[in-house]
Protein chains: 2
Amino acid sequence: MVIDRSSPVPLYHQLAEQLTAAIESGRLGPGDPFENELALADRLDLSRPTVRRAIADLVARGLLVRRRGVGTRVASQVIHRRDELTSLYDDMVRRGQRPLTVLRRFEREIVDPRAAECLGLPEATPLVFLERLRFAGETPTALMHNWLPPQFADLTTEEVTSGSLYAALRARGSRPVIAHQTIGARRPTAAERKLLALVAGDPLLTMSRRAYDGDGGAVEFGDHCYRCDQYAFDVTVHER
Amino acid sequence: MVIDRSSPVPLYHQLAEQLTAAIESGRLGPGDPFENELALADRLDLSRPTVRRAIADLVARGLLVRRRGVGTRVASQVIHRRDELTSLYDDMVRRGQRPLTVLRRFEREIVDPRAAECLGLPEATPLVFLERLRFAGETPTALMHNWLPPQFADLTTEEVTSGSLYAALRARGSRPVIAHQTIGARRPTAAERKLLALVAGDPLLTMSRRAYDGDGGAVEFGDHCYRCDQYAFDVTVHER
DNA sequence: GTGATTCATATGTCCTGACATTATTTGACA
DNA sequence: TGTCAAATAATGTCAGGACATATGAATCAC
């Protein structure tokens with residue numbers, strides 16, 4: 001356990017990383033008592049609040065459990081807190097498979113009152129619109145519609161197809177930091193059935209999303225539908 | 001802005017609640033500059049870290065935005081951070097509608113290798129099993145299966161039907177604090193179609209869940225299916 | 001032996017103080 | 001008037017200290 005005081009990385013962050021590494025290395029096992037904050041602060045020559053901050057970060061991530069009067073322990077089952085949705089698509093990427101995304105439509109000035117409303121803009125605002133179809137091998141897996149505010153009208157086809165849409169927004173100083181997503185299911189339309197190669201009775205898994213930047217300004221509205229044999233969403237939920 | 005020092009509620013928590021109220025009352029509008037932490041601490045006769053803690057809580061909830069060297073502002077669009085799934089069912093409750101949950105089956109010793117595995121238990125472990133059907137008025141809306149570890153075999157029918165299942169677990173000292181949920185869609189079985197009064201082609205929205213207590217021990221496995229015209233899930237996602 | 005009380009341990013809350021870093025404004029100078 | 005440096009304003013990090021509260025173990029009284 002080494003703290004480098006000349007590093008620009010905050011002390012509490014260095015400590016949190018090293019505590020995390022100790023837990024994930026297996027050196028500390030599930031349920032093991034964890035060194036208390038006073039001893040740790042003494043041993044590492046750090047102030048107690050600094051140590052508390054590091055430990056609090058690990059608690060927030062589900063690696064440690066604290067109880068007043070008792071002490072701190074390694075969580076019995078190491079759970080990594082994830083504030084994000086993952087899907088079978090992400091699993092594919094993780095397994096090294098290369099899903100392909102085809103841009104079917106890209107408009108820089110399209111009027112859509114519903115999407116404008118979702119973006120908090122006047123109905124007649126010209127929006128940027130994308131329609132993409134995603135494949136896993138030969139199989140179409142998702143049909144995705146996205147609408148962006150007019151400040152992104154300078155997006156290039158290259159940006160939209162080669163990398164992540166959010167990376168392109170971030171390159172323009174708009175950093176999506178929070179998104180509200182609604183997940184549901186419905187019957188496909190005939191067009192969707194054809195595009196996604198569905199047979200009669202196959203349902204769609206749907207997800208609509210409104211993304212906001214750090215100031216709370218809406219930066220994206222998305223309306224996606226997925227083959228349910230290719231997609232499911234994993235959500236981690238915390239009770240306060 | 002009043003801080004009651006004789007209250008058992010921590011000072012930072014009182015302040016956070018009042019700052020929240022000020023924002024939600026409309027007294028402070030989106031984008032408004034927010035009083036800086038030094039002035040606030042001075043005015044309220046609180047220490048700066050205490051004020052920082054309160055402000056940090058509001059930042060974490062998306063109500064305020066901070067920038068080093070600039071100051072603190074009310075988020076342009078007030079977003080409430082919610083680390084929880086909500087559904088149309090919750091909307092019904094909020095609107096004062098009274099959904100009804102019918103207990104169809106309650107077993108205190110049932111062997112289910114799949115559920116046991118999901119609970120991290122040996123296959124032959126006798127589990128507690130619940131099957132419930134939920135109604136909104138006359139309309140069946142959800143079919144819910146839940147499996148619990150054997151320590152909950154003393155659950156009463158009363159507990160299971162009158163209040164929330166999690167409240168019953170908490171009363172036994174097992175506090176579910178994190179759950180991993182998987183949301184998907186599929187075709188209903190014939191039995192599900194009948195129970196949920198579905199017509200041909202109607203899809204199911206599905207959600208399976210594994211809930212863990214503060215020590216990481218599994219406390220519940222659930223497998224639910226919903227009518228998609230009655231349910232959708234809202235998820236808030238944060239990018240780090 | 002059992003239940004109540006006390007004590008030791010550990011986290012939770014709060015304070016005062018100081019310095020570092022970033023962003024914006026102000027003032028000086030060409 | 002424009003540019004650059006210094007000053008000001010605000011948040012971020014860190015420290016040392018003190019007291020409060022909850023928990024579990026040990027001790028004491030019956």
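In what follows, chains carry the letters A, B, and so on, assigned in the order in which the sequence lines appear, proteins first and then strands, with residues in each chain numbered from 1. All values reported here derive from a predicted model rather than from experimental measurement.
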Rounded distance in Å - [atom1] ([X]) to [atom2] ([N]):
{"X": "B/Leu40", "N": "C/dC15", "atom1": "CG", "atom2": "P", "result": "12 Å"}
{"X": "A/Leu15", "N": "D/dT13", "atom1": "CG", "atom2": "C1'", "result": "14 Å"}
{"X": "A/Gln14", "N": "D/dG12", "atom1": "CD", "atom2": "P", "result": "19 Å"}
{"X": "A/Ile55", "N": "C/dG12", "atom1": "CD1", "atom2": "C1'", "result": "13 Å"}
{"X": "B/Glu35", "N": "D/dA10", "atom1": "CD", "atom2": "P", "result": "10 Å"}
{"X": "B/Glu37", "N": "C/dT16", "atom1": "CD", "atom2": "P", "result": "15 Å"}
{"X": "B/Leu38", "N": "D/dA10", "atom1": "CG", "atom2": "C1'", "result": "7 Å"}
{"X": "B/Leu58", "N": "D/dT11", "atom1": "CG", "atom2": "P", "result": "14 Å"}

Between the side chain of [X] and the main-chain N/O of [Y], is any donor-acceptor distance below 3.5 Å?
{"X": "A/Arg108", "Y": "A/Leu155", "value": "yes"}
{"X": "A/Ser7", "Y": "A/Asp4", "value": "no"}
{"X": "A/Gln14", "Y": "A/Val9", "value": "yes"}

Is there a side-chain polar atom (N or O) of [X] under 4.0 Å from OP1 or OP2 of [N]?
{"X": "A/Arg66", "N": "C/dG12", "value": "yes"}
{"X": "A/Thr72", "N": "C/dT11", "value": "yes"}
{"X": "A/Thr50", "N": "D/dT13", "value": "no"}
{"X": "B/Tyr12", "N": "C/dT13", "value": "yes"}
{"X": "B/Arg5", "N": "C/dC15", "value": "yes"}

Donor-acceptor contacts under 3.5 Å from residues 62-72 of chain B side chains, at least two apart:
{"residue": "B/Arg66", "atom": "NE", "partner": "B/Thr72", "partner atom": "OG1", "Å": "3.0"}
{"residue": "B/Arg66", "atom": "NH1", "partner": "B/Glu37", "partner atom": "OE1", "Å": "3.0"}
{"residue": "B/Arg66", "atom": "NH2", "partner": "B/Glu37", "partner atom": "OE1", "Å": "2.7"}
{"residue": "B/Arg66", "atom": "NH2", "partner": "B/Thr72", "partner atom": "OG1", "Å": "3.2"}

| Per A/Val70 side chain, nearest of listed nucleotides C/dT11, D/dG24, C/dC14 | D/dG24

| said: Hydrogens and angles aside, do B/Glu220 and B/Asn146 bring a side-chain donor and acceptor to less than 3.5 Å of each other? | reply: yes

| request: Mind checking B/Arg67 for me? I need base, sugar-phosphate or nothing, with any heavy atom below 4.0 Å counting as a touch. | output: sugar-phosphate

Enumerate all atom pairs, one protein N or O and one N or O from nucleotides 16-20 of chain D, separated by less than 3.5 Å.
{"residue": "D/dA18", "atom": "N6", "partner": "A/Arg48", "partner atom": "NH1", "Å": "3.1"}

| query | Does a salt bridge link B/Glu123 with B/Arg114, judged by any charged N lying under 4.0 Å from a carboxylate O? | reply | no

| Does NZ or CZ of B/Arg53 fall inside the cone over B/Tyr12's six-membered ring, less than 6.0 Å from its centre and within 45° of the axis? | yes

| remark: Heavy-atom nearest nucleotide on DNA chain D taken for A/Pro10 and for A/Gly69; more 5' hit belongs to A/Pro10

